Amino acid sequence: MTSQVQRHPLAAQTAQLLLTRIRQGEWPLGHRLPGETTLAAQLGVGRSTLREAIRELSGKGVLESRQGAGVFVTALDAAEDWDTVLRRATIVSVIEARIAIEAEAAALAAARRTPADLRAIRRTLAARGVVGQSVPDHVDADMAFHRTVIAAAHNEVLIQLFDAFLPRLRLAMIDMLKIRPIASEPCDHDLHQQLADAIVARDPRAAAAASRTHLSSLKENFA
């Protein structure tokens, strides 16, 4: 294992070397790193360079500096940003994530929906059912319906996750439907109606089941 940094920029290399050693298990999760002077000497860099490297890894959630206690390992790898992950993900992986998110969101929506939520759900359901729409318009109407369901869950994290999926999902849906249209538009719309009805009826179990059934059929279309 390389013990010292050889090239510039030193701080970036130092951060990468620290991350490599963390990945290799030298410092387990929750473990405190050696003191600043000791660690800087081990890496062959100045203390200011080490501090900059620690700041970089702290910003990525890998390390945490605790006043008076030291620097601790808080993750075993640096998380990639959403855009990078979603660009690489297959559409089936994205739909599987949607199932996990939207089935729970549907159940929460059935328990928490307001009159305003129901109006939005009914409006977007009607819009997605319009006959003769172009593929992009249909996909946009469908995404709008699903977003109103998640909004009715009144959970900010769930809506942020869905919004992160939207660009990747929209393009994939348009491409797929141009090549392989839904076998039965009326049946597909009926599944959305069942979801809306379960939310209206305040039936979390039925809402989650309707969401899961629809998205699982969508996944099969992509597989």
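Please read these numbers as outputs of a predicted model, since none were measured by experiment.
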Any non-hydrogen side-chain atom of [X] less than 4.5 Å from a side-chain atom of [Y]?
{"X": "His189", "Y": "Pro186", "value": "no"}
{"X": "Asp163", "Y": "Ile159", "value": "yes"}
{"X": "His138", "Y": "Glu185", "value": "yes"}
{"X": "Glu102", "Y": "Val149", "value": "no"}
{"X": "Arg113", "Y": "Arg202", "value": "yes"}
{"X": "Leu50", "Y": "Glu36", "value": "yes"}
{"X": "Asp117", "Y": "His154", "value": "yes"}
{"X": "Ile121", "Y": "Leu195", "value": "no"}

Problem - Which residues share a side-chain contact (heavy atoms from CB on, under 4.5 Å) with Ala97, sequence neighbours left out - result: Phe165
Exercise for the section: Using only heavy-atom distances, determine whether the side chains of Gln42 and Arg21 contain a donor-acceptor pair under 3.5 Å. Expected result: yes
Practice task
State whether a side-chain donor-acceptor pair under 3.5 Å links Thr49 with Thr14.
Solution key: no
Practice task
Would you sort out whether Asn155 and Glu104 count as a side-chain contact (heavy atoms from CB on, under 4.5 Å), showing the intermediate values?
Solution key: CA-CA 11 Å; Asn155 182 304; Glu104 178 63 18; over 6 Å; no
Heavy-atom closest contact ([X] atom, [Y] atom, distance):
{"X": "Leu158", "Y": "Ala153", "value": "CD1-CB, 4.4 Å"}
{"X": "Trp27", "Y": "Pro34", "value": "NE1-CD, 3.5 Å"}
{"X": "Ala198", "Y": "Ala207", "value": "CB-N, 3.4 Å"}
{"X": "Ser217", "Y": "Leu191", "value": "OG-CD1, 4.2 Å"}
{"X": "Ala196", "Y": "Leu125", "value": "CB-CD2, 3.9 Å"}
{"X": "Ala109", "Y": "Ile199", "value": "O-CG2, 3.9 Å"}

Exercise for the section: Indicate yes or no: does Glu64 engage Arg66 in a salt bridge with an N to O separation below 4.0 Å. Expected result: yes
Exercise for the section: Output yes when Asp140 and Arg128 qualify as a salt bridge under the 4.0 Å nitrogen-oxygen rule, no when they do not. Expected result: no
Could you state whether [X] and [Y] fall into the same hydrophobic cluster, counting links through intermediate Ile, Leu, Val, Met, Phe, Trp or Tyr residues with side-chain heavy atoms under 4.5 angstrom apart?
{"X": "Val62", "Y": "Leu39", "value": "yes"}
{"X": "Met173", "Y": "Val92", "value": "yes"}
{"X": "Phe162", "Y": "Ile99", "value": "yes"}
{"X": "Val135", "Y": "Met143", "value": "yes"}
{"X": "Leu166", "Y": "Val139", "value": "yes"}

Exercise for the section: Report the C-alpha distance between Ile22 and Glu26 in whole Å, list the side-chain angles of each, state the deciding distance to 0.1 Å, and finish with yes or no for side-chain contact (heavy atoms from CB on, under 4.5 Å). Expected result: CA-CA 6 Å; Ile22 290 168; Glu26 183 169 346; over 6 Å; no
Using distance only, find each side-chain donor-acceptor pair of residues 52-59 under 3.5 Å and give its atom names and separation, not counting sequence neighbours.
from	atom 1	to	atom 2	distance (Å)
Ser58	OG	Ile54	O	2.8
Ser58	OG	Leu63	O	3.3

Practice task
Tell me, yes or no, whether the heavy-atom count around Arg23 atom CZ, taken from other residues, nucleotides or ligands under 6.0 Å, exceeds 12.
Solution key: yes
Problem - Flag, side chain of Ser211 to backbone of Ala208, donor-acceptor distance under 3.5 Å - result: no
Problem - Working for side-chain contact (heavy atoms from CB on, under 4.5 Å), residues Arg119 and Thr148 - result: CA-CA 10 Å; Arg119 287 194 294 272; Thr148 59; over 6 Å; no
Practice task
List the steps and the verdict of side-chain contact (heavy atoms from CB on, under 4.5 Å) for Ile150 and Leu161.
Solution key: CA-CA 10 Å; Ile150 296 174; Leu161 286 171; over 6 Å; no
Separation of [Y] [atom2] from [X] [atom1] (nearest 0.5 Å):
{"X": "Gln194", "Y": "Asp203", "atom1": "CD", "atom2": "CG", "answer": "12.0 Å"}
{"X": "Leu218", "Y": "Thr213", "atom1": "CG", "atom2": "OG1", "answer": "12.5 Å"}
{"X": "Cys187", "Y": "Gln193", "atom1": "SG", "atom2": "CD", "answer": "13.5 Å"}
{"X": "Lys60", "Y": "Thr74", "atom1": "NZ", "atom2": "OG1", "answer": "13.0 Å"}

Exercise for the section: Could you give me the CA-CA distance, side-chain angles and deciding distance for His214 and His146, then say whether ring pair (Phe, Tyr, Trp, His ring centres under 6.0 Å) is met? Expected result: CA-CA 11 Å; His214 157 62; His146 285 280; 5.1 Å; yes
Exercise for the section: Output all residues satisfying ring-ring contact (aromatic ring centres under 6.0 Å, His included) with Phe145, sequence neighbours left out; order by chain, then residue number. Expected result: His192
